[in-house]
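Please read the structure below before turning to the comments.
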2 protein chains.
Amino acid sequence: MTTVDSNEELGRRDRKKLETRAALERAALTLVAERGLAGVTVEDIAEAVDVSSRTFFNYFPSKEDALIGRNRMVGAELKERLAGVPSGVPALDALRLVLREQAVQVQDQREWWMLRLKVLEQNPSLLPHLISGGVETELLLTGLIAERVGDDGYAHLVTAVSLAAFRATMMRWSSGDGVPKLVVLLDEAFARLADGLSTP
Amino acid sequence: MTTVDSNEELGRRDRKKLETRAALERAALTLVAERGLAGVTVEDIAEAVDVSSRTFFNYFPSKEDALIGRNRMVGAELKERLAGVPSGVPALDALRLVLREQAVQVQDQREWWMLRLKVLEQNPSLLPHLISGGVETELLLTGLIAERVGDDGYAHLVTAVSLAAFRATMMRWSSGDGVPKLVVLLDEAFARLADGLSTP
DNA sequence: TGAAAGATTGCAGATCCTGAAATTTCTTCC
DNA sequence: GGAAGAAATTTCAGGATCTGCAATCTTTCA
């Protein structure tokens, strides 16, 4: 299991901050995987990382958020990615390309995501929080797409649908051994979308 | 604003139970609409209905659940509806028909849904809870669809996508004055889905 | 080295939510 | 009508979550 350390050009302070955050996420995830959501308190997590529980709340607004972690794609990043797609490309394809990059990132952290999804399965009450991360993403994406196409209703629809396809694909991916590449599955899903979801 | 009282052949006890639940939902919704989610405690809600706050938790597992309320379509009902659709009908159309009926129900309680959606807009942290209610629905529907078509992956995809379309449509509907009929908007959305979401 | 900025901590306190036992209300049956 | 039983409500105690605030410690940088 590899930890993601994107410490480039950062002072010691910020590096420690990143490390603390990552350590908290790691501790939260592993502890909950072992004992279940209710069996782990914020104090447990904080103690495992050797910080005060107050500090935990400086990093995450809730226990659940530590588990879901940094799944939300950052706004700036999304914007940049979408900007990289020529404006002639249809919205659905543009979304597919953006989500492909996301899929690649998920694959790079395969183990962590598998653990996360396993924890999600075992603690369905977490689902809302996972989705909540997706909600802001959806709002943002919808806005960007709406700029591309004129139609606002269409932007809402195509974005919602694309993200739903992404989510469904991730579930499918995780339920297998993660052997078929996520990117491949994603392309399949989008091909079906473009095909009008005709019966297989 | 009409209250929904489907008290047919029910003893006084169960009638009172239904009424209490409805009253709690009503109080929660109106209070939060006035003061915002953080400005309303469970005790406030319970007091408005004149029950103990413990009783509140006998009805709802959390404050949020009272606000989202009984939006989840009951499993049996869904099953029945879907059974009413001939097995020859493609999955996407079957889902459209089932969701149309749901849309009709929503329209029948237009005022309440508008208030609910307004509260949702003003308190985005509720959105996950709304969606999460849909999650069990999605699981159930997916199972039923999987039985119809053989392909499991396709069932996941088409269900997730259809529900996403439904959700997006409800948002669009509520952001307007609710003037265009929800059912009409829904048909539009599904037409676009069947069309492969080509650019408008 | 000596501020200044930032991160961590302890503490108080409101709120959320749960279990268990006591109490009240409703139903049923005689 | 009234007693027995079932079900709902309440009270109470208590653990856990989360926030604001002020104090303390650490890093940065001039």
Side-chain angles (χ1 to χ4, degrees), chain A residues 7-25 27-29 31-32 34-69 119 123-130 132-133, chain B residues 7-25 27-29 31-32 34-69 119 123-126 128-129 132-133:
Chain A
N7 3 337
E8 324 146 24
E9 45 196 280
L10 280 168
R12 166 169 16 271
R13 170 172 283 167
D14 294 291
R15 237 177 304 129
K16 281 191 86 169
K17 243 183 118 171
L18 279 191
E19 176 48 39
T20 301
R21 166 180 279 269
L24 284 172
E25 284 185 10
L29 203 53
L31 283 178
V32 172
E34 286 168 10
R35 303 187 219 157
L37 185 60
V40 179
T41 69
V42 168
E43 201 168 349
D44 293 335
I45 301 171
E47 209 150 287
V49 182
D50 200 35
V51 295
S52 76
S53 48
R54 186 62 184 85
T55 295
F56 174 92
F57 286 110
N58 286 338
Y59 281 91
F60 303 98
S62 77
K63 185 165 64 169
E64 287 77 8
D65 283 290
L67 291 167
I68 300 310
V119 165
N123 309 80
S125 70
L126 281 175
L127 223 56
H129 286 266
L130 173 65
S132 123
Chain B
N7 6 339
E8 324 145 27
E9 46 196 278
L10 280 167
R12 168 171 10 273
R13 170 171 280 166
D14 293 293
R15 239 178 301 128
K16 281 192 86 169
K17 244 182 118 172
L18 279 190
E19 175 49 39
T20 301
R21 166 180 278 270
L24 283 172
E25 285 185 10
L29 203 53
L31 283 178
V32 172
E34 286 168 10
R35 304 187 218 156
L37 185 59
V40 179
T41 70
V42 168
E43 201 168 350
D44 293 335
I45 301 170
E47 209 150 289
V49 182
D50 200 34
V51 295
S52 75
S53 48
R54 186 62 181 83
T55 294
F56 175 92
F57 285 109
N58 287 337
Y59 281 92
F60 304 98
S62 76
K63 185 165 62 169
E64 286 78 8
D65 284 289
L67 291 166
I68 300 310
V119 165
N123 309 79
S125 71
L126 283 175
H129 284 267
S132 121

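Order of the sequence lines sets the chain letters (A, B, ...), proteins ahead of strands, with each chain counted from 1.
Remark: side-chain polar atoms of A:Lys63 are not paired, donor with acceptor, to backbone N or O of A:Ala28 under 3.5 angstrom.
In this model, no donor atom of one side chain and acceptor atom of the other lie less than 3.5 Å apart for A:Thr55 and A:Asn58.
As rounded to whole Å, 14 Å separates atom C1' of C:dT25 from atom CZ of B:Arg15. The nearest whole Å value for the distance from the CG atom in A:Asn58 to the P atom in D:dT17 is 16 Å. Atom CG in A:Asp14 sits roughly 12 Å away from atom P in D:dT27 (whole-Å rounding). For the pair B:Lys17 NZ and C:dC26 C1', the interatomic distance rounds to 12 Å; values are reported in whole Å. Atom-to-atom, CZ of B:Arg21 to C1' of D:dT9 comes out at 16 Å; the value is rounded to the nearest Å. In this structure, the CD atom of A:Glu47 is 12 Å from the P atom of C:dT9, given to the nearest Å. Rounded to whole Å, atom C1' of D:dT10 lies 12 Å from atom CG of B:Asp50.
Considering every non-hydrogen atom in both A:Val32 and A:Leu37, the closest pair reads CG1-N, 3.7 Å. Heavy-atom minimum distance, B:Asp44 versus B:Gly39: OD2-O, 4.0 Å. A pairwise comparison of heavy atoms in A:Phe56 and A:Leu24 identifies CD1-CD2, 4.0 Å as the closest pair.
The side chain of B:Tyr59 contributes an N or O atom lying less than 4.0 Å from OP1 or OP2 of D:dT9. Contact annotation: B:Thr55 reaches the phosphate of D:dT10 (side-chain N/O to OP1 or OP2, under 4.0 Å). Between A:Lys16 and the phosphate of D:dT27, there is a side-chain N or O to OP1/OP2 separation shorter than 4.0 Å.
By the side-chain hydrogen bond (donor to acceptor under 3.5 Å, both in side chains) test, B:Ser53 pairs with no residue at all, sequence neighbours left out.
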If a protein heavy atom is under 4.0 Å from the base, mark B; if only from the sugar-phosphate, S; if neither, -; do that for nucleotides 13-22 of chain C going 5' to 3'. --SSBBBB--

